[in-house]
Every structure is written in C-alpha cells, then in structure tokens.
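In what follows, chains are A, B, ... by sequence order, proteins preceding strands, each numbered from 1. Note that the structure is a prediction, hence the values are computed from the model and not measured.
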2 protein chains.
Amino acid sequence: MAATSKPRGRYSVGIATRAKIIDAAVRHFARYGYTRSSLAGLAREVGISEAGVLHHFSSKSELLLEVLRHNEELDRQAMVAAGMPATPLAHVDVISWCVDRNVERPGIVALFVVLSAEAIADDHPAHAWFAQRYDRLTGLLSDSLRAGITAGAIRADIDSLAVARELVAASDGLQIQWLLSGQAFDLPAAYRAAADRILAGITAG
Amino acid sequence: MAATSKPRGRYSVGIATRAKIIDAAVRHFARYGYTRSSLAGLAREVGISEAGVLHHFSSKSELLLEVLRHNEELDRQAMVAAGMPATPLAHVDVISWCVDRNVERPGIVALFVVLSAEAIADDHPAHAWFAQRYDRLTGLLSDSLRAGITAGAIRADIDSLAVARELVAASDGLQIQWLLSGQAFDLPAAYRAAADRILAGITAG
DNA sequence: GTCTATACCGAGATAGAC
DNA sequence: GTCTATCTCGGTATAGAC
C-alpha cells in the first residue's frame, strides 16, 4: 500500500490522480454533457486545481476521449471476466448482458445517452468516435444475425442490418425514457421484452 | 401586405421579427443543443443585436420553451390539416405519419434528439416539458393499444404500456442512428419495418 | 505533480439612448 | 423595437514558481 503513496515534497503522490479525474469526469459528462461540464467543477471534486487537471490531460476534449476509451477498456475486461465472446457485442445476448450491467450504473447510461446526442453535431470532439461505434455495433450484430440464418435458426428473408439497427434503437430509446422518468420502470425487463418481440418475428419455422 | 409592414422610425416593422427569431432558434438549438447555442449567433442570423432578441424573449430559457411550444402548435395544425385525430399521437399510424413528415426536416429531428438527452438533467430548463411529453406520448399510445384489445384486434395478454414504450423507443433510437450516420438510410422505411415487427407480435388470432 | 496568477474570450443580462 | 455600452460571470488554457 505504501508502495504507491509515499508523498514527495508537499504534494500527494498523484499516481491515482489521473484515475480520480477520469472517475469524476464520467460523472460530470454524464450529468451535464460535455459542453456544460467545467474543468473547475471537475477539479473541485477531485480536490486539485484546474491547472492540475490540465497537467494530466492536455485539453478538455482530450479528457473526453480518454474517458470514452477508458470505459471501452473496462467493458472489454468485464466481458472477458463474464465469459462473453471477446468480440464485443457480437451476439444479441450480449446486449442483454450489457443492459443488466448498466442498470446498476445509471451514470454510465446517462454518459452515453447525453454524449451520443451531443455528438450528432459534426464538429463535436467525439463525433467520429460515436459514428464509428454505431457502425461497428450494428455491423457486428448484423453479422451475428446472418450467422443465425446460415445455421437455420433465423429466417433467411430478413434484412439483418435493419434488425440490428432496431435492436440497438430499442436499447437507446428505452434508456432515454428510463432516465427521463427517473428510472421509473424495470429497464432490463423492458429491453428483454422488446428484443424478444423483435426476435420472435424473425425466428425460422 | 403593406398592412403589417409600414416602417416607423429607423427600425423595420418587427412583427415578423419574433417569428424570425423562433425560426433561427430552431436551427441553432437543433445544431448545437441549448447550452452551446448563443444569443449572439442567433441575433447575427436574424440581423439584430443580442439585446434585440432579449426584447422579444426575456431570457434564453424562455426562448427555448417558446420554441418547443411553437413547434407543438405547428404539429397540431399539420395533423388537423392531414385529417389525423385531434388528440396527438393517439394511434400507431400517427407515429408513422410523423416520421414521414420529419424526414423532410432533419433539423427538427435533431432538435428533439439533442434536447431530450440534454433535458435528462433535472435542472435543465426543459426537463419537465420532456418528462411530461414522454408520459403523455406513451400514455396515449397505450390507451390506443388497449382500445385495440377491446376491439379484438390486439392480443389481450400484452402489456400495452410496455409496447407503447417500445414503439416510441424505436423511433428515438433510429433517429439517433440516422443523424449520426449522416442520414445514410431510409428512416421512414426503417421505422415502418420496426413498428410492423412489433405489431406482428401482438395482433390477435 | 501541483500550485497561483493571469491572459483571454465569450456568454447572458441590464440600462438608457434614439 | 432596436440600438450601444457595459456589467458580471464563467469558461479554457498558459506561464512560471515551488
């Protein structure tokens, strides 16, 4: 424990500071979006100054991208730990797994709902990141559905990309309602019902 | 024509100024969200000063609510003109009609996607407006579905509110993907397919 | 690694002239 | 009805001390 925390001079060790900043940034970006979040508020929460934050991240937009990358890495690790396929979100079940996980951390859900809407503007610092994310997500899901067709589990006459978009859309749309309603309904159950309804229409036989 | 536009003094007539401000505000809020939009940019576009804008709307947040109210009124009028039921969005078909209409004006779609995400924060000036809007929307759709059950067209064992949420979620989620992709797919067709898939699972018989 | 101090910019809003 | 001028605040980022 002492190995990483021996103070040197008048400042605390700081190896953990970067992580503390990212943690706080997740909360702030989720609550206020990117634009309304301020480095000052972030710094106050961490217990350092604005300049201290900018020592670790050269700009606010770089911090945003680091937050997104960090979260992606955590997701990957959690998926591996849970025995999910290494390729993220390759299967429909994986979305349900994600929803179950995210219901425990509404802050992360808000982070993505708020930022993905903000990032629609093509000069937003995370615009490309989100555009790519959706392409990848729907592409992988579509591949997974086509594999299901080959295996004979799914009807061959469906538009796999369209269904993939619907599955992702159901998740995003329900999240908005869940957050706006103050988490007034059971999000995982709602998503499972929606996915089941979609899948029921495309199963073979 | 001259009835409303005789200049008095050195300023132009200005009865139309309020409408011009609202028009420009729709574009700005859609493009930048509420927070990133500035009265200065708005004013520049209209051709007046910031103070001129604030002469018509006492504050920026009041302008936002006026924009939302104005849009609601336009929707109502368009619905009446199209022979849609006066109660907005009481039927599933009405959503399709809205999607068809909105695909011609991606700015309005962006307005709602961006603002409804921004409004998740409970201190956002339009938070209550959006929370109520979703309650009303899903409530009316749910009522409509229950009427379908009574009429024998829809299976009696479905959760009408859950299905209503799914129909709204599909629309919201597809809109996000549509905007982020640069309008790369046919939104009305995608929504109709999604709605059909959901409805196919709940029709009686 | 973190501080203080500061430069610089742009926001929303108000007061009072025309 | 619109202007100019100004106030006040808050933002990001930089420079240099410790």
Side-chain angles (χ1 to χ4, degrees), chain A residues 2-25 27-29 31-67 118 121 123-126, chain B residues 2-25 27-29 31-67 118 121 123-126:
Chain A
T4 61
S5 65
K6 175 124 58 78
R8 211 177 44 203
R10 51 181 291 219
Y11 303 116
S12 59
V13 63
I15 287 189
T17 303
R18 206 172 189 277
K20 275 161 70 180
I21 294 171
I22 289 189
D23 264 16
R27 278 192 297 280
H28 278 245
F29 289 151
R31 171 125 187 76
Y32 303 110
Y34 173 72
T35 317
R36 293 205 298 165
S37 297
S38 76
L39 295 179
L42 213 58
R44 204 179 314 123
E45 196 169 310
V46 176
I48 62 174
S49 70
E50 292 178 53
V53 172
L54 289 170
H55 171 73
H56 292 276
F57 304 92
S58 64
S59 73
K60 189 189 177 190
S61 59
E62 199 209 282
L63 171 58
L64 170 63
L65 293 175
E66 280 302 314
V67 163
E118 216 182 3
D123 59 347
H124 190 279
Chain B
T4 60
S5 64
K6 174 124 59 76
R8 210 177 45 201
R10 52 182 289 221
Y11 304 115
S12 59
V13 61
I15 287 189
T17 303
R18 205 174 191 277
K20 275 162 70 181
I21 294 171
I22 288 189
D23 264 15
R27 279 193 298 280
H28 278 245
F29 289 152
R31 170 126 186 74
Y32 303 110
Y34 173 72
T35 318
R36 293 205 299 165
S37 298
S38 76
L39 295 180
L42 212 60
R44 204 179 313 124
E45 194 168 311
V46 177
I48 62 174
S49 69
E50 290 179 55
V53 173
L54 289 170
H55 170 74
H56 292 277
F57 303 92
S58 63
S59 72
K60 189 188 178 190
S61 59
E62 199 209 281
L63 172 59
L64 170 64
L65 293 175
E66 281 302 311
V67 164
E118 217 181 1
D123 59 348
H124 190 279

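Candidate nucleotides C:dT2, D:dT2, C:dA13 were compared by shortest atom distance to the side chain of B:Thr17, and D:dT2 ranks first. When each of D:dT2, D:dC3, D:dA13 is scored by its nearest atom to the side-chain atoms of A:Glu50, the top-ranked nucleotide is D:dA13. Considering only side-chain atoms of A:Ile48, the nucleotide from C:dT2, C:dA13, C:dT14 that sits closest is C:dT2. Here the nucleotide nearest the side chain of A:Ala51, chosen from C:dC3, C:dA13, D:dC3, is C:dC3. Taking every side-chain heavy atom of B:Lys60 into account, C:dA13 is the closest of D:dT12, C:dA13, D:dA15. Among the nucleotides D:dA13, C:dG12, C:dC3, the one closest to the side chain of A:Ser49 is C:dC3.
Shortest non-hydrogen contact noted between A:Ala126 and A:Leu64 is CB-CD2, 3.8 Å.
Screening residues 31-42 of chain B for side chain to side chain donor-acceptor pair (under 3.5 Å) gives A:Asp122-B:Arg31, B:Thr35-B:Glu118 as the qualifying pairs, with residues at least two apart or on separate chains. Residue pairs satisfying the salt bridge (charged side-chain N to carboxylate O under 4.0 Å, His left out) criterion with at least one member in residues 44-55 of chain B, sequence neighbours excluded, are listed as follows: B:Arg27-B:Glu45.
The side chain to side chain contact (heavy atoms under 4.5 Å, CB included) search around A:Leu42 returns A:Ala24, A:Ala25, A:His28, A:Leu39, A:Leu63, not counting sequence neighbours. Residues meeting the side chain to side chain donor-acceptor pair (under 3.5 Å) test with A:Ser61, sequence neighbours left out: A:Ser59.
Note: CD (A:Glu62) to P (D:dT12) measures 15 Å, nearest angstrom. Rounded to a whole Å, the CG atom of A:Leu54 is 14 Å from the C1' atom of C:dT4.
Taking only side-chain nitrogens and oxygens, A:His55 never comes nearer than 4.0 Å to OP1 or OP2 of D:dA13.
Residues from residues 34-44 of chain A that place a heavy atom under 4.0 Å from any atom of DNA chain D, listed by number: A:Ser37, A:Ser38, A:Leu39, A:Ala40.
Counting heavy atoms from C-beta outward, B:Val53 and B:Val46 have side chains that stay 4.5 Å or more apart.
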